[in-house]
Amino acid sequence: MKSTYNISVQLIVLFILLLAQASFAQTTESDTIILSNAPVKSLFKGQRNIAFGVQPAQHVSTAISTVYGSDLEKTFNLNLGNTLYGRLSGLVVTQGGAEPGVATPGMLIRGINTFGGASNAPLYIIDGFISNGTGPSNAFMQLTPEEIESISVLKDAASTALYGARAANGVVLVTTKAGKEGQLKVSFTTRQGFNQAQALPQFLNAYDYSVLYNEALNNDGLPIRYSDADLEAYKDGSDPVFHPDVDWYDQVLRPTSYASSYNLNFGGGDKFVRYFVSLNALNSQGLFKKFGDLSDESIDSKYAKYNFRSNLDISLSRRLSVEFRIAGSIEASSNPNNYTTGSTFSLLQSLPPNAFPVYNPNGSYGGNALYANPVGNLISTGFYNNNSRTILSSLKFTEQLDMITKGLSVSAAVSINNYFEQGSRKSKQYPRYSVTRGVIGDTIYSPPVGQLTSLSGAEETLDQYRNFIVQAFLNYQRTFGKHDISAMVMMNNDNVTLFGPASDPSNPTANSTDPYKHNSAAGRLTYVLNEKYIAEFSLGYMGSEVFAPEKRYGFFPAGSVGWILSNEGFLKQSQTINFLKLRASYGLVGNDIIASQGLSTRYAYTPTFGGGGYFFGTGNTGVGGFAENAIANNNVTWEKEKSLNVGLDIAFFKHFEASFDYFNRDRYDILVGSNSTIPLYLGVITPTLNQGKTNNNGFDLALRYNSANKKALQFFAAANVFYANNKIVFNAEAIQLNPQLLSTGNKIGQPLGLKAIGFYSADDIAQRSIDPKSVPGVLTEVIRAGDIKYQDIGGPEGKPDGIIDGNDRMPIGNPSQPALSVGLHTGLRYKGFDLDLVFQGVTGNTVYLGGNTFHAFQSNGQVAPIAFGRWTPQTAESATYPRLSSRDNLNNYQFSSFWQRDGSFVKLRSAEIGYSLPAQLTDKVRISSARIFINGTNLFSWDNIEYGDPESLTGYPVMRTLTLGLNIQL
Amino acid sequence: MKKTILILPVILCLFIISACKKDFLDKAPGVDLTEDNVFLTKADLESFLATVYKYSMHSNFRYRDQGNIPFSQVNSTDCIHPSSSISDEGDASEANFVNNNRWNEGLVLPSNIINVEDFRYFIRWIAMRQIALVINRIDEVPDADEAFKKQVVAEVKFLRALMYMEMLKRYGGVPIVDQMFEPGVAVDVPRSSFEDCVKFIIKNLDEAIPNLPPIYSASQTGRATSVAALALKSEVLLYAASPQYNTAAPVLSMANPADNKLICYGNYDVNRWKLAADAAKEALDFALANGYGLIDEPNNRSPKELDNGTVGPLGNYRASWETPNNKELILMFQGGQLAGGITNIGNAPLTFINPACFGSFWSGISVPLNFIRKYEDTLGQVVTWDVKGGPDLIAKYRSLDPRFKQTVAYTNSYYTARDPIAQIYSGGKDYVNCKGGVWLRKYIPRNATSGNFVLNDVLFRVNELYLNYAEALNEFSAAPPAEAYAAVNAIRSRSKMPNLPEGLSKEQFRERVRNEIAVEMAADDHRFWDVKRWLLAEDEGVMKGNFEGLRINRVGTAPNYTYSWEPYTFETRTFNRNMYLHPFPQSEVLKGNLIQNPGWQ
């Protein structure tokens with residue numbers, strides 16, 4: 001005890017001394033590591049991180065866009081991916097679910113280029129090493145902006161070729177902050193604020209529900225369920241037990257929940273040792289009410305994440321230096337009822353308001369056989385704790401070999417990363433009762449639904465992976481007069497062991513014994529003549545263990561050229577054009593995640609075996625079986641992409657910069673099934689073949705404006721635009737009677753459905769009763785006036801046949817991925833005040849209104865206000881919604897254009913207003929700067945969806961976060 | 001300093017050497033299986049054979065073996081019923097939920113045939129390939145003797161014949177595939193004619209019969225026997241002689257009339273009935289000579305089960321389907337482990353053929369009045385069911401053929417240990433969706449208390465052979481011979497039904513034997529096929545037209561309730577003439593190798 005105390009005292013004293021020393025050391029303002037006061041950075045100056053190296057921005061002849069951690073700090077979010085909306089030209093980030101620690105946004109570099117089971121995900125590289133995991137286990141998503149120097153997106157083949165068979169989907173390259181020579185600098189930031197749901201689905205109250213339900217029953221020719229007295233009771237709320245009106249969202253969610261963050265960074269060093277240390281803590285209460293306070297068998301939902309990073313650069317000798325990086329994160333979340341909240345939200349979305357009261361008069365939970373009680377679920381089914389830990393570590397030695405030839409160096413690096421996710425759960429069940437009023441007005445309780453059980457616990461490993469990476473480099477960089485040469489050859493070897501649901505939950509042991517391995521060598525040569533002409537050649541050579549021995553290795557060459565026109569005589573003196581460069585690149589890259597990464601689909605070059613047995617004997621004794629499943633395809637190989645990029649970089653009128661890129665990507669060797677053309681009497685599962693092809697072309701554009709630095713009012717704007725147009729060139733798909741159903745020639749992910757052409761009128765129905773085929777309709781449902789009418793395009797002979805069925809489907813709407821997306825980061829600074837805004841807009845995508853939120857009464861669900869626009873004989877002309885039906889309607893709720901909406905939106909993703917205290921004031925308290933700020937994320941969305949967020953219609957709502965923050969720098 | 005200069009290059013060299021090891025990217029050893037493993041030992045071959053059985057043997061309950069069969073492309077709720085609910089034998093209580101109910105609605109399509117009836121379409125071809133593999137390579141098994149090898153080849157030939165029969169009655173002629181397609185061989189086999197398919201089946205059976213034992217030891221029952229092969233041969237020849245196929249012109253002509261041979265013989269030949277009769281006689285005689293036979297305890301011919309939920313003795317008829325491993329059974333689909341009853345893998349049949357009102361089951365089958373009318377009274381007279389109804393339903397039921405109460409559960413009857421008294425009347429808990437007025441209970445044993453308590457379902461049983469013989473012999477003869485009477489009367493007398501009256505004409509006998517087949521083989525997956533091979537499916541009330549049920553009201557006070565009844569039409573079914581044959585799956589036809597059946601283009 002005593003020794004602990006002593007150590008604590010010593011630590012505190014040491015800390016104070018450090019602070020004192022640091023504050024004494026403060027001399028000039030330029031020493032601060034604050035970047036928040038800098039305007040948006042130039043596109044063409046400074047150094048750029050490229051694959052396994054760094055390059056001066058003006059020498060870059062490939063397609064790369066970059067964002068800096070200092071910019072991302074102004075978007076407060078629990079997840080790094082969510083700070084990237086609209087930030088980088090060519091990177092489209094789409095909101096996934098919003099549940100902290102569970103959902104991550106989707107990220108695509110220059111759109112979708114493949115289909116089927118192949119991966120579209122970019123390769124994530126952190127400080128030169130691949131990052132594993134998907135979704136929330138992806139180490140990238142767990143980083144904090146404060147530890148990041150920059151994030152670059154490598155978009156064309158020439159910038160990614162070194163990553164060979166993993167490069168085709170582009171690369172997200174993260175570089176963390178390194179210490180700089182100079183005195184200790186300390187930055188402390190805290191944010192305190194609250195989350196609220198940006199939008200929650202709206203549902204009708206019990207009275208409106210009952211009125212519409214009666215109408216639905218009446219439409220179906222069934223007797224109504226609710227009498228006038230019932231309706232009156234719902235209206236005046238006089239009978240909450242037998243005529244309840246429960247707003248279940250209100251019962252379960254609270255309006256706001258607390259969120260906070262703390263960040264402490266240290267950096268500094270001398271010529272021998274440079275260090276950067278970052279500590280970060282995030283806390284967010286969940287949206288559920290504090291159910292843990294109500295019961296020992298529940299828990300308050302919360303999410304916390306703790307990050308640390310320590311980056312050391314040490315010069316061991318004049319020639320030998322070492323970089324040591326260790327970072328990690330710990331996530332801890334707690335929820336009642338389950339690890340995640342998905343099932344609770346789907347229950348909330350289905351449960352009618354008058355199904356049952358929260359509590360019966362005797363204090364028991366209301367409920368019925370169809371629906372559980374959401375409140376009961378959250379208070380009385382136990383609690384779940386989820387813990388995950390990530391460790392990222394690396395060590396890299398570099399030795400200058402100037403004694404052999406000047407500019408030569410050799411490096412060796414090793415990295416070990418690990419992720420582990422563990423859950424502890426305590427679960428139980430509880431009884432619930434439905435009540436009916438007896439003849440004499442008494443309350444009759446039904447037999448219990450669900451039995452009371454005691455709390456039982458379990459510990460489980462939910463997910464884990466580890467990777468081990470070794471790299472070796474030989475670098476050469478030298479300038480001879482007009483000639484600037486840099487060259488690099490390297491080898492990389494990595495070994496990833498997965499275990500967990502993400503890989504193949506049914507075969508965890510087989511997967512964990514069989515790691516995913518890559519072996520590669522790569523080289524790059526860059527030649528710059530006279531700072532005008534740039535030529536670069538890259539070559540990747542990579543082997544991957546999922547292919548047959550003789551098919552494992554492949555070459556991935558790429559080249560690029562650049563011409564800096566502004567360094568030519570005729571432009572050198574131009575006042576208008578300050579910088580002008582033309583770029584072009586072409587190359588071949590691959591994607592070796594050609595199918596889902598489970599064991600059953602992994603080694604397509606080997607046949608798969610395994611079959612059920614049978615039962616023989618008078619006692620039916622089981623006998624194990626064995627059979628051929630799928631035959632092998634020895635030639636299976638990675639997807640390939642030929643990628644062309646043509647770009648233009650220009651700076652003009654001093655304050656403007658623009659960078660434009662056109663790209664054309666031809667992906668081929670996409671894995672497709674062959675069973676759609678071979679008759680089934682072959683009698684075996686046919687292998688998948690590398691036959692699919694796609695094309696994707698488009699452009700991205702980045703624009704910058706910076707006002708003059710010296711003025712009192714400074715303004716900046718950084719915009720980017722991205723447009724892509726993809727299509728499936730070949731997919732070995734089954735022959736269709738209706739050729740419109742072929743995906744070949746369509747966009748990737750093109751929805752196919754029926755085309756709605758209004759509602760059936762009473763006349764239509766009358767005509768159908770004479771000749772059913774005169775007005776086309778489905779056979780699966782008795783069609784009535786007010787049902788959705790579909791266009792009849794195809795029958796057995798490809799001609800309209802009077803029947804609406806699967807043959808009448810056609811491409812409707814657009815895929816869910818936007819075709820065009822725009823980002824705008826803008827702000828201004830006036831005296832001590834600053835403003836920073838990030839907008840994101842997309843268009844060319846379609847969202848689908850489905851589920852209980854939009855399909856009234858289906859699957860015994862509830863009704864949303866959208867159903868007020870329903871068809872009735874009186875509103876036949878103006879109806880916006882089909883007639884109501886109490887049964888699951890097989891006509892109206894088919895996948896059709898009726899339920900599609902334009903998914904375009906413009907969102908204010910983040911906004912921050914700050915005020916920095918005047919230097920005179922901060923000097924007095926010996927701090928170099930202090931800034932207070934108010935930050936908001938997801939503040940506004942302008943879109944066409946009346947009933948929710950176009951990116952997140954269901955489930956855990958997208959959070960709007962408001963925080964008040966303070967940043968102090970020493 | 002010199003030292004460090006050396007260190008890095010040395011480390012790098014070591015690394016490069018290790019990374020370049022040739023096997024770095026190799027897959028972990030020991031997990032690869034190949035076709036060769038099948039023939040390493042007799043035990044391996046036996047495992048392989050177990051899978052061949054699993055893939056080849058169909059269940060009358062369509063879904064029953066679905067769960068563990070790969071690649072069926074069928075959802076768990078698609079094919080969940082025996083064919084009872086798609087002929088006049090039955091009506092699915094949850095019609096929307098039961099996918100094969102589309103037959104009653106006339107909504108069978110080439111695009112949904114796999115989901116509405118024939119989800120085994122692909123599985124059969126997998127089994128065919130496995131069978132060809134066994135026949136090709138069985139000689140390689142080092143520790144198997146010749147007799148064993150011959151028996152295995154005979155077993156797989158039987159299974160091949162069984163599957164071809166299943167296809168023949170659905171599609172007519174299908175491609176004959178007796179090879180394993182090797183790489184480089186074009187997978188392009190056209191449909192064979194109906195006649196060639198029959199010949200192919202008979203050839204496989206004739207080759208198999210000499211090498212199959214008539215009976216197995218207790219640990220091996222369930223495997224193909226020579227009795228089963230003879231029974232199958234009888235069925236094949238009976239179908240081949242039937243009006244649907246034994247004809248100059250099919251019901252609907254193919255688009256190109258030259259293709260009609262794919263779906264019928266193209267002529268009528270009365271000798272086909274002779275072949276069918278001989279095959280039935282041979283099978284029956286051989287079965288009886290080897291210890292098979294009808295269960296016929298004189299005391300149990302008409303079991304006295306009381307109409308108040310009290311359990312009575314097991315009748316002969318009921319024993320023939322409820323007693324495991326009885327002497328009447330020739331071949332069963334053995335779907336799961338025996339435990340109290342048969343515990344099935346996945347979704348057990350009782351879940352589907354038990355109505356929801358009996359507990360946590362999903363969909364029952366009620367029996368419409370259309371079928372109940374087929375039950376004669378105990379004197380062998382046709383029973384009239386007055387359109388105006390009557391006052392005492394239980395008395396009416398009590399007057400029927402004893403097989404009636406052994407086939408269905410009616411109001412106040414004993415049902416199962418879980419639910420002793422059926423309450424099928426307006427307001428009764430078991431009346432919900434029981435449109436016919438009685439629930440089918442055949443294949444639900446008395447001790448059934450959960451969805452897993454099911455029986456092996458019967459593919460061949462001795463009673464079928466008697467009726468096959470009677471039917472074929474009558475058709476071949478000018479007037480029904482005494483042997484035909486004897487065969488039908490054997491079936492009737494073991495259920496205490498009087499003999500058929502003497503002196504029936506050929507046509508009258510035909511009617512009676514068809515009625516007998518319907519009653520005796522109820523819910524055995526015969527009716528749906530029989531009404532098609534007899535070309536009766538389109539007749540009013542068979543698979544088309546009005547279906548009648550009973551409105552049942554309980555009258556009086558406890559314990560002296562009576563139950564009044566009144567017929568009503570509960571639905572109108574559709575049968576189009578193209579439905580006499582299944583359509584081939586749309587996706588298969590589009591591949592260009594198969595000529596689609598008539599009316600399905």
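Just so it is clear: chains get the letters A, B, ... in the order the sequence lines come, proteins before strands, and each one is counted from 1.
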Does any backbone or side-chain atom of B:S219 lie under 4.5 Å from a heavy atom of chain A? Answer side chain, backbone, both or neither. backbone
How long is the gap from CG on B:D188 to CD1 on A:I678, to the nearest 0.5 Å? 12.0 Å
So, taking the atom named OG1 in A:T621 and the one named CD in B:Q334, what distance separates them when rounded to the nearest 0.5 Å? 9.0 Å
The reported gap from CG in B:L109 to CD1 in A:I803 (rounded to nearest 0.5 angstrom) is 8.0 Å
Against chain A, label B:Q130 side chain, backbone, both or neither, depending on which of its atoms sit under 4.5 Å from a heavy atom there. side chain
For A:P679, run the side chain to side chain contact (heavy atoms under 4.5 Å, CB included) check against B:N593, B:V177, B:L594 and tell me which one passes. B:N593
Which heavy atom in B:A50 sits nearest to a heavy atom in A:G624, and how many Å separate them? CB-O, 3.6 Å
Drop me the distance from B:E46's CD to A:F616's CZ, to the nearest 0.5 angstrom. 7.5 Å
How about A:E550: does its CD atom have over 12 heavy atoms from other parts shown lying under 6.0 Å from it? yes
Cut-off 4.5 Å, heavy atoms of chain A, and the answer for B:Y216 is neither
Nearest 0.5 Å please: distance from the CG atom of A:N807 over to the CD atom of B:Q586. 7.0 Å
Ranking A:V623, A:V684, A:V546 by heavy-atom pairs under 4.5 Å to chain B gives rank one to A:V684
Test side chain to side chain contact (heavy atoms under 4.5 Å, CB included) applied to A:Y614 and B:F333, step by step: CA-CA 10 Å; A:Y614 193 66; B:F333 171 81; 4.0 Å; yes
Counting N and O atoms only, with roles assigned by atom type, does the side chain of B:T51 sit under 3.5 Å from a partner on the main chain of A:F626, one being a donor and the other an acceptor? yes
Report the distance from atom CG of A:N620 to atom OG1 of B:T221, rounding to the nearest 0.5 Å. 7.5 Å
Report the C-alpha distance between B:F181 and A:Y681 in whole Å, list the side-chain angles of each, state the deciding distance to 0.1 Å, and finish with yes or no for side chain to side chain contact (heavy atoms under 4.5 Å, CB included). CA-CA 9 Å; B:F181 290 95; A:Y681 55 71; 4.2 Å; yes
Heavy-atom contact with chain A under 4.5 Å, split by part of B:V185: neither
Taking side chain to side chain contact (heavy atoms under 4.5 Å, CB included) as the test, write out the residues that go with B:N576, two or more places apart. B:T574, B:N578, B:M579
Got a sec, which residues hit side-chain hydrogen bond (donor to acceptor under 3.5 Å, both in side chains) with B:R137, two or more places apart in sequence or on another chain? B:E35, B:D36, B:E140
